[in-house]
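Heads up, the thing below is written out as structure tokens.
Note that this is a predicted model, so its numbers are computed, not measured.
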Amino acid sequence: MQVSQARIAGPSYAIIFMVSGAHLINDLIQFLLPALFPLLKMNYELDYFQLGLLTLAQQITASILQPLMGLYGDMRPKPYTIAVSLLIVALGIVLLAIANSFFLLLVAAAVMGVGSALFHPEASRIARMASGGRLGFAQSSFQVGGNTGTALGPLATALIVLPLGQISTVWFGLLAVLGALLLIQVARWYTNHQISIRNAGAPAPVRSPVPRKQLIVAFAVIGALLLSKYVYIETFKNYYAFFLIEKFNLPVQEAQGYLFAFLAAIAVGTFFGGPIGDRIGRIKVIWGSILGALPFALLLPHMDLMATAILSIFVGLILSSAFSAIVVYAQELLPQKVGMVAGFVFGFAFGIGALGAAVLGAVADQVGIEYVFNACSLLLVLGFLTILLPNTETTVPPLNLTKGTRKVQPG
């Protein structure tokens with residue numbers, strides 16, 4: 001039903017890019033917490049396990065709430081919830097700015113996670129609605145906004161937060177408020193879009209293209225793929241700077257620059273993964289991300305500084321290309337529950353990544369951060385479970401729209 005509705009008109013690029021811009025703001029602010037870790041570790045004498053707990057507090061709230069919020073949105077859409085989400089993020093970043101203890105840091109992290117949980121399922125749904133049938137492109141555009149925001153986190157930290165201190169993060173609350181104002185316009189479009197669909201007469205819901213048993217296997221494999229990719233990526237986000245500092249004796253700000261390069265590569269890879277999936281198929285993109293990234297990931301911990309930086313860029317580019325394909329593929333498995341599926345994928349990715357980062361942080365306290373980077377690359381081997389995914393892809397017929405008529409292709 002969602003695909004058929006999306007094809008009523010061509011892509012609404014303005015809405016896609018507005019949602020992507022809001023995603024940039026959300027994820028930039030969300031990443032200020034892990035980007036602050038070197039400063040927080042020094043100021044509050046935190047160990048790696050405590051830093052992992054901060055990530056867990058931020059991400060576990062998003063992990064638990066996102067599927068629930070997505071399912072609620074499937075049943076009872078609330079367009080303006082998406083604008084409220086960034087106001088909650090603004091509150092969280094202000095709390096982070098004024099926190100003066102580990103407990104208050106945990107509270108700030110959890111509040112930021114709640115805002116993220118409200119944002120992602122609705123934003124993903126709106127990007128899909130505005131896709132005009134170009135599902136991979138819309139999802140990639142949405143995702144690249146978030147990844148760009150994440151990539152800018154280390155730069156914002158190096159240029160603003162580290163020189164000015166923890167309190168300077170309060171100014172990013174204003175950025176979240178501006179994002180909320182942007183999302184009010186998106187919510188208005190969402191409301192009018194729903195009215196247009198009701199007036200046109202909603203088509204019958206589309207059932208899953210695979211039987212129940214295959215559906216269970218498919219989502220189990222998707223969970224394994226998200227575990228392998230996001231524990232690895234979250235480990236990089238949280239500890240790559242420490243790895244470079246420990247192994248190569250880099251200053252903090254220089255290490256943040258290398259982290260920016262890795263995260264920027266993720267943003268670029270995410271953008272290209274969706275449109276390529278539209279052309280050649282989602283499963284092929286997933287396979288490519290596994291076979292392409294694994295050799296580089298295995299080599300990375302054993303190289304010198306320059307080679308480490310180059311390999312990290314290759315890993316980021318290739319590994320991230322599959323995420324949009326995974327989201328769209330999962331939504332195609334349950335087309336009548338696209339919000340819940342988006343919530344599950346984002347929530348599980350955030351939650352398992354944060355849990356893995358906390359566990360690996362505890363391991364790093366015992367055996368060192370270099371050992372952790374050696375071991376976590378083996379997680380990518382789980383990607384070979386892709387062979388168990390059912391092939392649901394069919395050729396999408398071209399739109400047949402003529403002036404004064406509206407023909408909706410079967411979705």
Side-chain angles (χ1 to χ4, degrees), residues 18-40 51 54-63 65-66 69 81-99 104-124 142-184 186 233-234 237-238 256 259-260 263-264 266-267 270 346-347 349-350 353-354 357:
M18 288 170 75
V19 172
S20 179
H23 199 187
L24 185 155
I25 292 171
N26 176 77
D27 284 23
L28 166 61
I29 294 173
Q30 296 291 334
F31 191 72
L32 286 179
L33 177 61
L36 270 171
F37 279 177
L39 183 63
L40 298 178
L51 295 178
L54 289 177
T55 299
L56 188 61
Q58 182 184 23
Q59 305 286 27
I60 203 67
T61 49
S63 178
L65 290 177
Q66 282 196 70
M69 298 308 301
T81 299
I82 193 172
V84 173
S85 68
L86 280 196
L87 295 179
I88 296 174
V89 171
L91 174 62
I93 198 65
V94 171
L95 290 174
L96 178 62
I98 63 176
L104 290 178
L105 290 173
L106 282 174
V107 172
V111 172
M112 292 169 66
V114 170
S116 184
L118 292 174
F119 174 80
H120 282 95
E122 284 302 299
S124 179
F142 167 64
Q143 279 299 114
V144 80
N147 288 332
T148 302
T150 299
L152 291 174
L155 288 185
T157 303
L159 297 176
I160 300 173
V161 178
L162 289 179
L164 301 179
Q166 179 184 339
I167 190 63
S168 64
T169 60
V170 72
W171 296 108
F172 291 90
L174 295 177
L175 190 61
V177 173
L178 291 175
L181 295 175
L182 182 70
L183 290 176
I184 289 174
V186 173
I233 289 174
E234 202 65 37
K237 285 167 62 177
N238 285 277
Q256 294 283 1
L259 178 58
F260 165 75
L263 296 174
I266 287 181
T270 300
F346 286 110
F350 292 172

Next on the checklist: Run the side-chain contact (heavy atoms from CB on, under 4.5 Å) test against Val114 and tell me which residues pass, sequence neighbours left out.
Outcome noted: Thr61, Leu65, Ile88
Checklist outcome for this item: Taken in chain and number order and not counting sequence neighbours, the residues that satisfy side chain to side chain donor-acceptor pair (under 3.5 Å) with Gln58 are Gln30
Item to check | Qualifying residue, where the test is side chain to side chain contact (heavy atoms under 4.5 Å, CB included) with Met112 and the options are Leu91, Ile93, Asn26 | outcome: Ile93
Checklist entry - Which pairs with one or both residues in residues 104-123 pass ring-ring contact (aromatic ring centres under 6.0 Å, His included), sequence neighbours excluded? => result His23-Phe119, His23-His120, His120-Phe346, His120-Phe350
Item to check | Gap between atom CG of Leu32 and atom OG of Ser168 - 0.5 Å precision | outcome: 8.5 Å
Checklist entry - What distance separates Leu104 CG from Leu95 CG, expressed to the nearest 0.5 Å? => result 8.0 Å
Checklist outcome for this item: Closest heavy-atom pair, Pro34 versus Pro38, reported as atoms and distance to 0.1 Å, is O-CD, 4.2 Å
Checklist entry - Hey, does Ile266 have a side-chain heavy atom less than 4.5 Å from the side chain of Thr150? => result no
Checklist outcome for this item: One should read off an interatomic distance between Leu105 CG and Leu40 CG, to the nearest 0.5 angstrom, of 5.5 Å
Checklist entry - Which salt bridge (Lys or Arg N to Asp or Glu O under 4.0 Å) pairs, counting each pair once, include a residue from residues 113-122, with sequence neighbours left out? => result Glu122-Arg125
Checklist entry - Who pairs with Leu152 by side-chain contact (heavy atoms from CB on, under 4.5 Å), at least two apart in sequence or on another chain? => result Leu24, Leu28, Thr148, Leu155, Phe260
Checklist outcome for this item: Rounded to the nearest 0.5 angstrom, the CZ-CG distance for Phe31 and Asn238 is 7.0 Å
Sequence neighbours left out, cut at 3.5 Å: what donor-acceptor pairs do the side chains of residues 171-183 make with other protein atoms?
none

Checklist outcome for this item: Across all chains, not counting sequence neighbours, the side chain to side chain donor-acceptor pair (under 3.5 Å) partners of Gln256 are none
Item to check | Set of side-chain contact (heavy atoms from CB on, under 4.5 Å) partners for Ile167, sequence neighbours left out | outcome: Ala97, Ile98
Checklist outcome for this item: side-chain contact (heavy atoms from CB on, under 4.5 Å) filter on Ser20, not counting sequence neighbours, yields Val144
Next on the checklist: According to side chain to side chain donor-acceptor pair (under 3.5 Å), who are the partners of Thr270, at least two apart in sequence or on a separate chain?
Outcome noted: Asn147
Checklist entry - With distance as the sole test, does Ser85 use its side chain to make a donor-acceptor pair with the main-chain N or O of Ile82 at under 3.5 Å? => result yes
